[in-house]
J.: 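I'd like to ask some things about the structure below.
What you see below is based on every heavy atom in this structure, not just the backbone, and it leaves out hydrogens, waters and symmetry mates. Proteins get letters first, then strands, A, B, ... in listed order; numbering begins at 1 in each.
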Amino acid sequence: MNSSGPNNCRLWPYEEARRLLERDGDGAREIVFEGGFGPSGLPHLGTMAEVLRPSFVRHAVRLIAPQRRSRLIVFIDDMDGLRKVPENVPERERVERYLGQPVSRIPDPFGCCESFSGHMVKLLRELLRPLHLEHELILSSEMYANGRFDPILRLVLEKYQEIIDLMVPTLRDENRAAWSPFLPICPSCEQVNSTRVIAHHPERGTVEFSCERTFGGSRPCGFSGERSVLGGQAKVQWKVDWAMRWRLFGVDYELYGKDLIDSARLSGQIVRLLGGTPPLGFPFEMFLDEEGRKVSKSVGRGVTVEQWQRYAPIEALKYFLFVNPRRARKLFLAAIPQYVDEYLEELRAYAAAKDEEKPLDSPLEFVLAPDSPRRFNSDLSFSLVMNVAAALGVSDRELMWNYLTRYDPAILADEDTRRMAEALLACALNFRRDYLEPALLPYEPQVQDRLIAQKLIDFLTTSPEASAREIETAIYDIGRALFPEKPGKVFQPLYRMIMQQDRGPRLGAFIRLATPQRVIGILERRLAN
RNA sequence: GAGCCGUUAGCUCAGGCGGUUAGAGCAUCUGACUUUUAAUCAGAGGGUCCCGGGUUCGAGUCCCGGACGGCUCACCA
């Protein structure tokens, strides 16, 4: 075996892929990866991680065993009853009255899709599109409705008591007596959170139930009767549902948040009752905010995918989600520039390694999409671009670009570097504009500052064609006149007036590039206040 | 209380299977650039690797115990 081959790579997806391949030896069977999405809320960073990470393992499998077929299922539980209206959807009061119904039967509060979950799935597709992942979205409601789950639902009816025996010890005392693996959908009020099973009849494929349960916003209607559990008239509860999917699709590999460790253990026992084998599991850590608290989806803490995409190239996001899934990682807005710089660093290293033909053990082997820039031959960093943005203002992208290309002409030397630099610029501008700029304190020019500004305006007005050096000299002359002992003191007030910061670029060159006219305008506005 | 995960510089993090003096980036400080208070360059400081035991010639790394932090222990997915 080649010593630089995928079998010797230590990155976690390779380790996982080897674990997976060892499990069924030389089997030629298709390997099934599963990730899940609960469409009772908007997709978020965790959703993305849940699809991305198994796809990393899948990629490693392909590198190690190229002949092995595989598929990645993203299972969408749109049969779930809505328990709470998320804070970030419109028309919340309008949605309120559908609480307790499966999300696939609730109208879209955004008004553009066929259902609540339909909308969330649309958002999910949009979220996943730029990732270029090969995957299949599978809707729970369709699987139930078209009967694909029926054979296993019958099995659940047969193993009813055994499943209950497994579950009951994990429940609170007061809930033990009433628990059932089935949740029928009430034909009268359409709620799924409101039904309670009273009896089950494996031979008829039915359960008896009454609509009397108050849970997750449900308002029981009192209906009672006997209904088939097949064909989408009932669903099974979470841990049983997970087991059912594993059984039906033959899932080999599933990543989940560590909050699901206990669920996975139980579902694993259930899937054995159903004649299946639990998949290889991989619990990953949650994301933390600046204070080290768990990032919440409903509350506005943490960083949203939209923010990521606005402030960082998509590859940097993938890179972030690649690194260290077993470690809780802090993610907050102020840390984004750092993560982007980390990615750029990795990209430079990757390009260098690529030249030596040993790119396999780089995270970028997993992160780069076909259309991603694959090298970055510039020392440009997020912080550098942001500093320049601070100086040049965020409104004029062209000016910034001119400045950067003059700063480092290598940006233009190849297509990949240029595209990456453009992305970097766009992100840094967004970050600066949204996040840093609003926090800047407006500077109140003092008497002396006004004098300095006026003198500079006069000079620039009379000598609009002055060179960078001549402008620099003129500023220094102003300084010499005012502060004979330390002429350099003239600069800070100018930085403050022009760019609201204490330090900045060499002013001569800067003013030349930004054009004297523009600087005159800025100073005059400052004086007018 | 039980289980899982974590704790390395001010911050974010690296440290394959134990091996020399524990690293990086950012931040901080100093200096240089014959006209800047820099975005450049050079340099510096900064660590009880959470604590205590153990195994070992040798422990940030392995084992045991403890502290601290996070999460889970729901008819939620």
J.: Now, which nucleotide makes the Watson-Crick or G-U wobble pair with B/U55, with each of the two distances under 3.5 Å?
T.: none

J.: Answer yes or no for this row: A/Tyr476 ring on B/U35 base, centroids under 5.5 Å, planes under 30°.
T.: no

J.: Nearest whole Å is fine: how far is B/G70 P from A/Arg326 CZ?
T.: 22 Å

J.: According to the Watson-Crick and G-U wobble definitions, with both distances under 3.5 Å, which nucleotide is paired to B/C26?
T.: B/G10

J.: Just name whichever nucleotide pairs with B/U48, Watson-Crick or G-U, keeping both distances under 3.5 Å, else none.
T.: none

J.: What does A/Phe491 touch in the nucleic acid at a heavy-atom separation under 4.0 angstrom: a base, only the sugar-phosphate, or nothing?
T.: base

J.: Please report the distance separating the P of B/G10 from the corresponding atom of B/C51, rounded so that it comes out in whole Å.
T.: 14 Å

J.: Base, sugar-phosphate, or nothing: which does A/Arg480 touch, judged by heavy atoms less than 4.0 Å apart?
T.: nothing

J.: Nearest to the side chain of A/Asp259 - B/U36, B/U72, B/C5?
T.: B/U72

J.: For nucleotides B/G53 and B/G60, find the distance between their P atoms and express it as a whole number of Å.
T.: 14 Å

J.: Aromatic rings A/Phe182 and A/Tyr160: how do their planes relate, parallel, tilted or perpendicular, breaks at 30° and 60°?
T.: parallel

J.: Considering only the P atoms, how many Å lie between B/G18 and B/C57, rounded to the nearest integer?
T.: 15 Å

J.: More 5' along RNA chain B: A/Asp77 or A/Val490, using each one's nearest nucleotide?
T.: A/Val490

J.: Checking A/Trp242 against A/Tyr256 for the ring-ring contact (aromatic ring centres under 6.0 Å, His included) test, could you report, in this order, the C-alpha distance in whole Å, the side-chain angles of both residues, the deciding distance, and whether it holds?
T.: CA-CA 12 Å; A/Trp242 218 8; A/Tyr256 42 83; 5.5 Å; yes

J.: Expressed in whole Å, how much space separates the P atoms belonging to B/G23 and B/G47?
T.: 14 Å

J.: Could you measure between the two P atoms, the one in B/U12 and the one in B/C50, and give it in whole Å?
T.: 15 Å

J.: Mind checking A/Tyr339 for me? I need base, sugar-phosphate or nothing, with any heavy atom below 4.0 Å counting as a touch.
T.: sugar-phosphate

J.: Indicate the ring-plane relationship of A/Phe431 and A/Phe382, choosing parallel, tilted or perpendicular according to the 30° and 60° boundaries.
T.: perpendicular

J.: Which part of the nucleic acid, if any, lies within reach of A/Trp179 when heavy atoms closer than 4.0 Å are counted: base, sugar-phosphate only, or nothing?
T.: sugar-phosphate

J.: In terms of side-chain heavy atoms of A/Glu285, which of B/C5, B/C75, B/U37 is nearest?
T.: B/C5

J.: Which one, B/A77, B/C4, B/U37, comes nearest to the side chain of A/Gln492?
T.: B/U37

J.: In this structure, how many angstroms lie between the P atom of B/A38 and the CG atom of A/Leu494, rounded?
T.: 15 Å

J.: Taking donor-acceptor contacts at under 3.5 Å, does the side chain of A/Gln338 reach the base of B/U12?
T.: yes

J.: What is the distance, rounded to the nearest whole Å, between atom CD of A/Glu472 and atom P of B/C33?
T.: 16 Å

J.: Do any N or O atoms from the side chain of A/Gln237 and from the backbone of A/Ser180 form a donor-acceptor pair under 3.5 angstrom?
T.: yes

J.: For B/U72, which nucleotide is its Watson-Crick or G-U wobble mate, given both distances must be under 3.5 Å?
T.: B/A2

J.: Under 4.0 Å, heavy atoms only, any strand: does A/Asn175 hit a base, just the sugar-phosphate, or nothing?
T.: base

J.: If you measure from the P atom in B/A67 to the same atom in B/A42, how many Å do you get, rounded?
T.: 48 Å

J.: Counting any heavy atom closer than 4.0 Å, what does A/Ser263 reach on the DNA or RNA strands: base, sugar-phosphate only, or nothing?
T.: base

J.: What contact category does A/Leu260 fall into here, base, sugar-phosphate, or nothing, at under 4.0 angstrom with non-hydrogen atoms?
T.: base

J.: Is A/Leu11 close to A/Pro363 at the side-chain level, that is, under 4.5 Å between some pair of heavy atoms?
T.: yes

J.: For a quick check of understanding: with a heavy-atom distance under 4.0 Å over all strands, which category does A/Lys489 fall into, base, sugar-phosphate or nothing?
T.: base

J.: When the P atoms of B/U72 and B/G54 are considered, how many whole Å apart are they?
T.: 38 Å

J.: Does A/Arg327 place a side-chain N or O at less than 4.0 Å from the phosphate oxygens OP1/OP2 of B/U7?
T.: yes

J.: Only pairs with both distances under 3.5 Å count, Watson-Crick or wobble alike; so what is the partner of B/G16 in this structure?
T.: none

J.: Output the single nucleotide from B/U72, B/A77, B/U35 whose closest atom is nearest the side chain of A/Asp262.
T.: B/U72

J.: With a 3.5 Å cut-off and heavy atoms only, can you find an N or O donor on one side and an acceptor on the other between the side chain of A/Arg213 and the base of B/C75?
T.: yes

J.: Would you kindly compare A/Leu507 and A/Glu342 by the position of their nearest RNA chain B nucleotide and give the one closer to the 5′ end?
T.: A/Glu342

J.: Around atom NZ of A/Lys455, are there more than 12 heavy atoms from other residues, nucleotides or ligands closer than 6.0 Å?
T.: yes

J.: Distance check, C1' atoms only: B/A27 and B/U21, in whole angstrom units.
T.: 25 Å

J.: Is the A/Phe366 to A/Tyr14 ring centre distance short of 6.0 Å?
T.: yes

J.: Within the side chain of A/Arg326, is there an N or O that forms a donor-acceptor pair under 3.5 Å with the backbone of A/Phe284?
T.: no

J.: Identify whether any heavy atom of A/Arg196 sits under 4.0 Å from a base atom; if not, whether one sits that close to sugar-phosphate; answer base, sugar-phosphate or nothing.
T.: base

